[in-house]
Amino acid sequence: MMTRTIVVRCSQRLVSTATVVASVGVVGTNSIVKTPASSSPLPLLHGRCRVLSCPTRGSSRTTGWSVGLARGECPTTRHRHIMALDFSATIIPPPLSPVVRPSPYCRLRRSSRRHPPPFVFDFDFDNERRCRGGARHCHSSHSSHSRHSRSMTTMSGRGGEESSDAGTTTDIVIDPEDVRNRISRMAESMARGLTRRGYWTNYDDDGDDDEVEDKGDCHLLSRTVIETMRRQAIALRFDDDRFVQSYSECVDSHTGIITRFDKPGVYACEPDGSDYRTAPDMLHYVSTMLRTLPNALNDEIPHLGLRDDVYSAKLAVTGGGGCKYPRHVDNISPPTGAFDGGSDYRKLTAILYLNPDWSEGDGGELRLYLKDRDDNDCVGGKGGTRGVTVVDGSKAVDIERYVDLSPVGGRMVLFWSDEVPHEVLENAPHVHVDVNEDDDDHDRIGRGSSFDRYALTIWVPSDDVSLGRSFVAPP
Ligand SMILES: O=C(O)CCC(=O)C(=O)O
Ligand SMILES: [Fe+2]
C-alpha cells in the first residue's frame, strides 16, 4: 500500500493529522465495504475521488469519499471497489468566513514512484453539494421540493410539512466523545440482549428502562441531536435530492433467482463523506459508531469478529398513509469462509430512529420475530404472537412470537442481520398523504410531513458470518 499526503480543507473544527489505512474489496449487493482502520482521530474527509484505474480492469467512474475513504465503480465489470488507500491526511481548520470558496477542495500529492500505486486517482471537490452555511441554497434538480423546503424555517407541528433548513450555523451538535463513552457503557447490556434474545434496544415503550439498559442511562443522543439529524436527513432528501426508490430482494428457494421489488413509499440513500457538508452530525454519528460499537461488542462476545473497518449504511424515509416494509431477513445469503469483501457478510444491524415527535398510534413499529421463547423476551416493546403454519401441517399448530418497537427518536435497535426476521408495520395509516401527481419522484410519500419515518441503519459485517451464527445462549 502506498502512502499519500492529501491536504484537506475542512469546514469543521477538526484539526488533526491522522493516518488512514483502507482495505481493498469488491463490493457486493447491499454490502458497501468502506472505512479505514485508522489511528485516532479518524478524519471525516469529504470531496470526490476519481478512480482512473481499478484492479479489475479499465477506468472507473467518479466516486465519492466515504468517511475517510473512497469507493468507485468499474464501468466494465460494474464491480464497486474500495480504493486501496493508505494516506495521511492533514485537516486544516476552516476559513473564518462562512462563505465556502469554490477552490479545489483536496489536492493529492503523488507518492514515490518506487511503489507504483494499485490505483491511480485524483481528487476533485464536488462544488454542487455545498449546501450548508453561506452556500447552502445551491444546486437541486428537484426545484419544487427545494423551493418548498427553503421557504420554511422551523419544523411545523404534527401533520404539517417540515423544513430542511438546519439554520445558518454549521456547528456540530453531536458530541462524539460522549457517544463513544455511552456505547462503551452500554456494551455489556447490548451483548446480553443480542446473545439472549437476538436483539437489543435502549428504550422501553412502556417507560420502564430497567431491563433495557440496566446501567441507568439508556440515552445515546439528546433530542437536540436527533432533531438536527432529522433536519439534515430532510436536507439530503429535498435540497440534495439524494433519495431514491428503495427496493428489497427475494430469493426463490428452488431456482435461487433473486427478484427485486420496490417498497412503495420508501426512499433511501447511502450517506457517505460527500454528504458531510449537508449532514455533518449524521456522519459524525456513523463514524463514531463504527469506531466504537464493533470492538465493544467483540470484547463482550467471544468469536463474534465484527469488523471495524467496513460497513454499509442506509438512511431511509417511509411515508405516512400506511407505507411499510415487508417481512424479511437483512442478510439472507451469508457466505461461508473468511471475509473477502465480495459477498454479504452483514452480521449486525444497528438502527437509529430520527422521529422525535413520534407518538402512540403513529404506527411504523419495527416488528422483530423472535425465537420461540417466553414473554420475558419481549423487552423494550409490546410483545405478541401469531399463528404459523408448520411445514408439514394442515393447520396452524405453532405460534410465532414477536416484539413491536416504536420508531421513536433516539431509539437504537441492534439485531443479528442474518438471523432475525422483521418488518415495518404500516406507518401513520390514518394520515392522508398529499400526493403531487406531477412529481416523478416521491410520488407515494408527498412532499414531506412530520409523519415521515426516518431511520438511519448501519450494518456491520463479521469476519465470517457462518462462525457468527446463533450467538444465542443456551436456555
Ligand atoms: O426502519 C426500520 O425499522 C427497519 C428497516 C429495515 O428493516 C431495513 O432497512 O432492512
Ligand atoms: Fe431489514
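Side chains included, hydrogens not; waters and symmetry mates left out as well; all remaining heavy atoms used. If you read the sequence from its start, that first residue is 1, and numbering goes on from there. For ligands, and for the atoms within them, numbers begin at 1 and follow the listed sequence.
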Can Arg367 be said to sit on top of Tyr402's aromatic six-ring, NZ or CZ under 6.0 Å from centre and within 45° of the ring axis?
yes
Shortest protein heavy-atom distance from atom 3 (O) of ligand 1, along with the residue and atom involved:
Tyr353 OH, 2.5 Å
Candidates His422, Lys263, Arg411, Arg453; heavy atom nearest atom 2 (C) of ligand 1 found on Arg453
In terms of residue, atom name and distance, what is the protein heavy atom nearest to atom 5 (C) of ligand 1?
Tyr325 CE2, 3.5 Å
Counting N and O atoms only, with roles assigned by atom type, does the side chain of Glu365 sit under 3.5 Å from a partner on the main chain of Val424, one being a donor and the other an acceptor?
no
Are the side chains of Met186 and His219 in contact, using a 4.5 Å heavy-atom criterion?
no
Please list, in number order, the atoms of ligand 1 under 4.0 Å from a heavy atom of Leu366.
3 (O), 4 (C)
The answer for which part of Glu423 has a heavy atom under 4.0 Å from ligand 1 is neither
Is it the side chain, the backbone, both or neither of Asp330 that has a heavy atom closer than 4.0 Å to ligand 1?
side chain
Has the side chain of Arg346 got a donor or acceptor atom that lies under 3.5 Å from a matching backbone atom of Asp330?
yes
Does a salt bridge link Glu227 with Arg230, judged by any charged N lying under 4.0 Å from a carboxylate O?
no
Relative to ligand 1, is Ile351 under 4.0 angstrom through side chain, backbone, both or neither, heavy atoms considered?
side chain
Per-atom filter on ligand 1: closer than 4.0 angstrom to a heavy atom of Val424 are 2 (C), 3 (O), 4 (C)
Determine whether the side chain, the backbone, both or neither of Thr349 has a heavy atom under 4.0 Å from any heavy atom of ligand 1.
neither
Nearest 10°: the angle subtended at the Fe ion (ligand 2) by His422 NE2 and His328 NE2?
90°
For atom 9 (O) of ligand 1, what is the closest protein heavy atom, and at what distance to 0.1 Å?
Lys314 NZ, 2.7 Å
I'd like the atom name of the N/O/S atom in Asp330 lying closest to the Fe ion (ligand 2).
OD1
Under 6.0 Å from the NZ atom of Lys263, do we count more than 12 heavy atoms belonging to anything else shown?
yes
